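Note that the coordinates shown come from a computational prediction; the quantities given were computed from them, not determined experimentally.
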Amino acid sequence: MSRLCTRTCLWGVLLSALLLPLHGEAAKPADHQARMAKIERERNRQRLWHQSVLSAGIAATAASAHSRALRQKKQRQATLALLRRGIIPGDSGLGWVPLTTDELLRETGSPQLLSALAKVLDTLDAQIGRPYRWGGQTPGQGFDCSGLVWFAFRDAINWPIPRTAQALFTDPRMAAVFTTELRRGDLVFFYIHRRDVPDHVGIYLGNHQFIEAPRTGLSIRISQLDQPFWQQHYAGARRVLTEHNLRH
């Protein structure tokens, strides 16, 4: 009996010795799989992190681009608003600021002329931004160049204002004015489509500026007389506001 037990124990030890390597070999693949799974999870985590960073960067770039586009749109709108009022943005010389009463009085030399000029300038200021309309002579219609002159001076002058640029230029009741003697309220004339007679007129505002109803598609605006285009097409000036011409 003792021998049988001893033999059985020996066989058990031998079997254990034989089976242990098998269990070790079986464990190795399991450990390897676990390590590979861990590596794969880490790779996935890294990939997701990079994707989130990239997405955040794209979103930030898109938001920045949208913000930049919005700023540019607002700038364009502001620029258009200025242009409609006859002011060219970026050119500090185009901000029309009428003279004070004392300065205007010194320029006109007459309280009566000053009063008439102030009304004319107020009338003109209220028309800035209105549309050009060929044949128009009221705010409701819009204005062409001579229509704007007619509307501004119609109640200030004691005779009917001519209704075309050519007739205004040749009217003997208005004296010719040298460029160096221009005064607010003087009419300035230009050759645009013809070289024999002026076909465009504006009203001088001082500081080398004049107000005009330019052409179809544009609005009444303030322009700079000393710009090359206007200098090349300049025809002369006439003074309509004088003591003799005033309506009393």
Side-chain angles (χ1 to χ4, degrees), residues 84-87 93-133 136-190 198 200-214 219-226 230 234-248:
R84 284 174 176 167
R85 285 195 55 78
I87 301 170
L94 282 179
W96 176 31
V97 180
L99 291 177
T100 64
T101 301
D102 289 342
E103 290 172 319
L104 283 173
L105 184 56
R106 283 197 299 270
E107 184 173 294
T108 59
S110 162
Q112 291 75 24
L113 281 174
L114 169 61
S115 177
L117 177 59
K119 291 178 182 178
V120 168
L121 294 179
D122 286 344
T123 299
L124 291 170
D125 185 47
Q127 311 316 315
I128 293 176
R130 295 190 187 278
Y132 175 92
R133 188 82 62 207
Q137 58 186 24
T138 67
Q141 298 172 330
F143 296 92
D144 61 16
C145 64
S146 57
L148 180 63
V149 172
W150 178 88
F151 184 76
F153 290 94
R154 72 194 190 287
D155 294 328
I157 304 304
N158 58 15
W159 40 267
I161 298 291
R163 192 49 191 83
T164 67
Q166 180 180 353
L168 285 165
F169 187 74
T170 57
D171 194 306
R173 290 167 291 192
M174 293 188 289
V177 180
F178 291 113
T179 305
T180 54
E181 299 174 350
L182 280 172
R183 195 167 73 188
R184 286 160 181 79
D186 289 343
L187 306 184
V188 286
F189 295 85
F190 306 91
H200 187 57
V201 60
I203 302 100
Y204 188 67
L205 301 174
N207 195 29
H208 305 290
Q209 299 169 31
F210 68 99
I211 185 171
E212 58 161 342
S219 301
I220 294 174
R221 66 186 184 185
I222 295 173
S223 296
Q224 197 76 6
L225 185 60
D226 54 7
W230 297 113
Y234 187 69
R238 299 290 184 269
R239 181 157 298 158
V240 61
L241 279 179
T242 64
E243 289 283 0
H244 180 72
N245 289 339
L246 280 183
R247 177 181 292 180
H248 298 286

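Rounded to the nearest 0.5 angstrom, Leu148 CG and Ile128 CD1 are separated by 9.5 Å. Atom CZ of Arg130 sits about 7.5 Å away from atom CD1 of Ile220, to the nearest 0.5 Å. With values rounded to the nearest 0.5 angstrom, Arg238 atom CZ is found 10.5 Å from Leu168 atom CG. The NZ atom of Lys119 lies 11.0 Å from the CG atom of Leu114; values are rounded to the nearest 0.5 Å. From Leu124, atom CG reaches atom CD1 of Ile211 across 5.0 Å, with rounding to the nearest 0.5 Å. A distance of 9.5 Å separates CG of Asn207 from CG of Leu205, quoted to the nearest 0.5 Å.
Evaluation of the side-chain contact (heavy atoms from CB on, under 4.5 Å) rule for Asp155 yields Arg247 as partners, not counting sequence neighbours. Applying the side-chain contact (heavy atoms from CB on, under 4.5 Å) test to Pro131 and every residue at least two apart in sequence or in another chain returns Arg133. Residues passing the side chain to side chain donor-acceptor pair (under 3.5 Å) test with Gln141 are Thr138, sequence neighbours excluded. Listed by chain and number, the residues in a side-chain contact (heavy atoms from CB on, under 4.5 Å) with Ala167 are Pro162, Thr164 (sequence neighbours excluded). Residues that satisfy the ring-ring contact (aromatic ring centres under 6.0 Å, His included) test with Phe153, not counting sequence neighbours, are absent from this structure. For Phe189, the ring-ring contact (aromatic ring centres under 6.0 Å, His included) test picks out Phe169, with sequence neighbours left out. Partners of Asp186 according to the side chain to side chain donor-acceptor pair (under 3.5 Å) rule, which considers only residues two or more places apart in sequence or in another chain, are Arg239. Partners of Glu243 under the side-chain contact (heavy atoms from CB on, under 4.5 Å) rule, at least two apart in sequence or in another chain, are Ser110, Gln112, Leu113, Leu246, His248. With sequence neighbours left out, Trp230 forms a ring-ring contact (aromatic ring centres under 6.0 Å, His included) with Phe190, His200, Phe210. Every residue meeting the salt bridge (Lys or Arg N to Asp or Glu O under 4.0 Å) condition with Asp171, not counting sequence neighbours, appears here in chain and number order: Arg173. Looking at residues two or more places apart in sequence or on another chain, you find no side chain to side chain donor-acceptor pair (under 3.5 Å) involving Thr170.
Residues Cys145 and Tyr132 come closest through the heavy atom pair N-CE1, 4.0 Å. Smallest separation of non-hydrogen atoms from Ala156 and Ala116: CB-CB, 4.5 Å. Contact detail for Tyr204 and Leu182: the closest heavy-atom pair is CE2-CB, 3.7 Å.
Between Ile203 and Leu187, the closest side-chain pair of non-hydrogen atoms falls below 4.5 Å.
The main-chain N or O of Val240 is found under 3.5 Å from a side-chain atom of Asn245 such that the two form a donor-acceptor pair.
A donor-acceptor pair shorter than 3.5 Å can be found between the side chains of Arg163 and Gln137.
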